[in-house]
Student: 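Take a look at this one; I'll ask things after.
Throughout, protein chains are lettered first and strands after them, A, B, ... in sequence-line order, and every chain is numbered starting at 1. Every value quoted in this text rests on a predicted model; they were computed, and no experiment measured them.
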Amino acid sequence: MAITAQEIAALSIFTAVYTAIMTEKLHRTVAAMVGASLVLLINIVPWEKVPEYLDLNTILLLAGMMVIVNVSRESGLFEYIAIKTAKLSKGNPMKVLLLFSVVTALVSSFLDNVTTVLLLTPMLFYITRQMDVDPVPFLLSEIFASNIGGTATLIGDPPNIMIGSAAHLGFNAFLLNMGPIAFVDLFVTVAIIYLVYRGEMKSHGEREEAIKLAIMSLNEDDAISDPVLFRKALITLGLVILGFFVHDRLGVEPSVIALSGASLLLLWSGASPETALEKVEWATLFFFGGLFIVVGSLVETGAIAQLAGWMVGHISGEGDAVLIITWFSAFSSAVVDNIPFTATMIPLLKAMGGSLNTLPLWWSLSLGACLGGNGTAIGASANVVVLGIAHRESIRISFGDFLKVGMVIMVSTVAVGTLIIWLRYIGL
Amino acid sequence: MQVGLFSELINRKFQNIAENRYKEIVERYREFFLSKEELVIPRVFRVFLLLDRYSEKPNDDVYETLKAYPNARVCLLYVVEESLVRLVASTLGEEEAEKLRTLEINFGNHVLDEVESKLKEMKFEVERRFIFGVRAEEPLKFEDDCDLFIISKHYGSETSRTYPVSPMVYRIVQHIEKPIVIY
């Protein structure tokens with residue numbers, strides 16, 4: 001079959017954008033915007049089709065959550081959580097590992113992973129310094145827990161938001177299908193980290209009291225810069241989470257819940273909308289927008305449909321599809337940013353919908369895209385952020401060091417997830 | 001690909017994703033993280049507990065604080081304002097001045113006995129000094145021998161609505177560089 005000029009152009013632009021995102025020689029937002037501009041300029045994606053490809057549900061959900069997080073942050077809510085967690089650990093390395101992993105996973109399941117690790121990593125550095133232990137296992141555990149926690153819910157990780165929007169899967173569906181996988185994977189991960197770094201987890205005998213004193217001297221109330229806003233932020237976050245649980249019954253999209261929460265918090269707190277909106281990560285939102293259009297060009301030219309047709313022709317059933325999509329997504333997401341990867345896979349899965357039951361495949365995509373990021377140092381934004389912070393604190397975690405542990409974690413957690421999906425949808 | 005290239009890549013990605021937000025967050029954390037210096041418990045071998053006619057007797061918080069330094073020697077320094085005795089002597093005569101001196105000594109010894117006995121109960125080594133001098137200046141003479149001063153907010157004069165802490169305490173705090181506990 002002959003390839004048209006439009007297909008060649010769309011594939012070239014798509015490949016160039018992917019390369020730019022992978023190498024980060026160009027800011028990923030700039031890469032996506034240039035790519036989107038090009039496919040619009042040469043009319044691969046007609047202007048009237050833009051609203052169809054631009055997934056507003058994803059973009060507005062992200063924007064709403066960003067406003068809520070930014071306003072809540074001003075109250076000191078997240079520093080409060082970090083100090084509380086530190087004090088609960090009482091300076092015991094094993095408790096620090098377990099508690100920070102659980103709290104990171106829990107917070108990541110409702111907030112974006114980057115915000116979570118940005119807020120918890122400085123505290124982890126402080127505690128490990130007091131304990132005089134190597135921070136590496138604790139940082140690695142935080143990275144993995146953040147990616148695992150994000151897998152558990154619709155709003156935990158951008159790939160899930162995109163999948164939920166494309167496949168019309170609600171918050172509860174994610175929680176019921178991905179939640180148990182994340183739960184088991186979290187403890188598998190902590191166990192692996194413990195086994196690999198058990199030498200670092202010993203308590204410090206006579207120094208234990210001094211360490212405990214240093215950590216217990218932190219006062220979580222000092223973190224609360226605005227007690228009134230703190231309470232309002234907590235209540236609003238609670239209402240938003242409750243809203244996500246019932247959005248299906250209310251018949252509204254998750255983005256509407258997030259935007260309503262953001263509006264309520266702005267109205268109730270009296271926070272300046274200029275300041276709140278200034279801190280919205282517009283670069284991320286434009287990155288998503290640009291990417292949707294670039295991927296839309298592959299749909300428009302029929303490249304995705306051809307690939308889907310080829311795949312369906314070579315897959316014997318849903319079991320095969322689950323295995324292929326999960327592991328292909330996992331290894332791809334370990335190398336490529338999982339957001340463009342998921343954006344590309346979504347139309348492919350939609351195109352396969354005519355011949356296969358795609359429900360387990362959406363979970364496979366979510367599993368591979370979210371947990372594949374644990375495989376390498378550049379697999380997910382949380383990895384890059386924690387390693388970047390470590391670098392600034394003169395802690396060196398090389399690509400190879402990360403790869404050795406990351407690949408073990410990735411393969412183990414994806415295998416556990418695959419098994420659960422298989423048992424649930426394919427059967428023995 | 002070399003390891004260095006990955007470091008550069010991670011660095012570039014970090015700068016693009018979160019560098020500015022990280023700086024903001026670290027700045028906020030600095031407000032309540034303790035520095036290395038703050039985490040070192042100061043070594044205290046000698047404590048001066050300043051007392052005078054206006055000082056409140058040390059409360060439980062003071063004794064709790066002293067418990068942190070079980071090996072410290074506590075010096076009770078009771079100061080009577082010498083200029084007041086001289087003023088009485090020049091206006092009312094030597095006999096009245098002597099009466100005042102005796103009254104002050106008795107009152108001071110009573111206070112010292114009470115505090116000394118409590119400290120001895122806590123197994124502290126206690127020494128006591130009774131001085132007629134300038135209340136604002138006497139403590140300064142002992143600064144080199146002392147690791148920690150403890151002083152009542154009423155030392156030197158009774159507090160008023162205008163000054164919740166006696167002005168003499170402010171003056172001493174300004175001149176002494178050693179740590180001071182005010183109760």
Student: Quick one: does A/R392's side chain get under 4.5 Å of B/N11's, heavy atoms only?
Tutor: yes
Student: Of the backbone (N, CA, C, O) and the side chain (C-beta and beyond), which part of A/M22 lies under 4.5 Å from a heavy atom of chain B, both, or neither?
Tutor: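 Backbone only.
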Student: Checking A/K25 against chain B: side chain, backbone, both or neither under 4.5 Å from a heavy atom?
Tutor: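 Both parts, backbone and side chain.
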Student: Which heavy atom in B/I17 sits nearest to a heavy atom in A/S381, and how many Å separate them?
Tutor: CD1-OG, 3.9 Å
Student: Could you check whether atom CE of B/M168 has more than 12 heavy atoms from other residues, nucleotides or ligands sitting under 6.0 Å from it?
Tutor: yes
Student: Does B/N16 reach the side chain of A/E24, with side-chain heavy atoms less than 4.5 Å apart?
Tutor: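 Touching, per the 4.5 Å side-chain cut-off.
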Student: In terms of heavy-atom proximity below 4.5 Å to chain B, should A/T115 be classed as side chain, backbone, both, or neither?
Tutor: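 Both parts, backbone and side chain.
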Student: Should the heavy atoms of other residues, nucleotides or ligands under 6.0 Å from CD of B/E24 be counted, would the total exceed 12?
Tutor: yes
Student: If you count the non-hydrogen atoms of other residues, nucleotides and ligands that lie under 6.0 Å from CG in B/N106, is the total more than 12?
Tutor: yes
Student: Which atom names give the shortest non-hydrogen contact between B/S7 and A/R396, and what distance separates them?
Tutor: OG-NH1, 3.8 Å
Student: State whether the number of non-hydrogen atoms from other residues, nucleotides or ligands found under 6.0 Å of A/H27 atom NE2 is greater than 12.
Tutor: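 Enclosed.
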Student: Under a 4.5 Å cutoff for heavy-atom pairs, which residue among A/V114, A/T376, A/T29 has the most contacts with chain B?
Tutor: A/V114
Student: Count the heavy atoms of every other residue, nucleotide or ligand shown that sit under 6.0 Å from OH of B/Y63, and state whether that count exceeds 12.
Tutor: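 Yes, because the 6.0 Å sphere around OH of B/Y63 holds more than 12 heavy atoms from other groups.
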Student: For the pair B/R12 (side chain) and A/T23 (backbone), establish whether a donor and an acceptor sit closer than 3.5 Å, ignoring hydrogens and angles.
Tutor: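 Indeed, once roles are kept as given, a pair shorter than 3.5 Å links the two residues.
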Student: Determine the minimum heavy-atom distance between B/R28 and A/S225, stating which atoms define it.
Tutor: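 Looking at all heavy atoms of both residues, the shortest contact is NH1-OG, 3.7 Å.
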Student: Using non-hydrogen atoms and a 4.5 Å limit, figure out which bit of A/I397 sits close to chain B: side chain, backbone, both or neither.
Tutor: neither
Student: So which part of A/E220 gets closer than 4.5 Å to some heavy atom of chain B, the side chain, the backbone, both or neither?
Tutor: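 A/E220 has no heavy atom closer than 4.5 Å to chain B.
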Student: Under 4.5 Å heavy-atom distance to chain B, tell me which part of A/A223 shows up: side chain, backbone, both or neither.
Tutor: both
Student: Check whether B/Y22 gets within reach of chain A through its side chain, its backbone, both or neither, counting any heavy atom under 4.5 Å.
Tutor: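 Both parts, backbone and side chain.
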Student: Main chain of A/I21, side chain of B/K13: is a donor-acceptor contact present, judged purely on distance under 3.5 Å?
Tutor: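 Present.
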Student: So, taking the atom named CE in A/M123 and the one named OH in B/Y29, what distance separates them when rounded to the nearest 0.5 Å?
Tutor: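 Output value for this atom pair is 5.0 Å.
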Student: Closest heavy-atom contact between B/I10 and A/V384?
Tutor: O-CG1, 3.5 Å
Student: If we define contacts as heavy-atom pairs under 4.5 Å, which of A/I389, A/L119, A/N383 has the most with chain B?
Tutor: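 With the most close heavy-atom pairs to chain B, the winner is A/I389.
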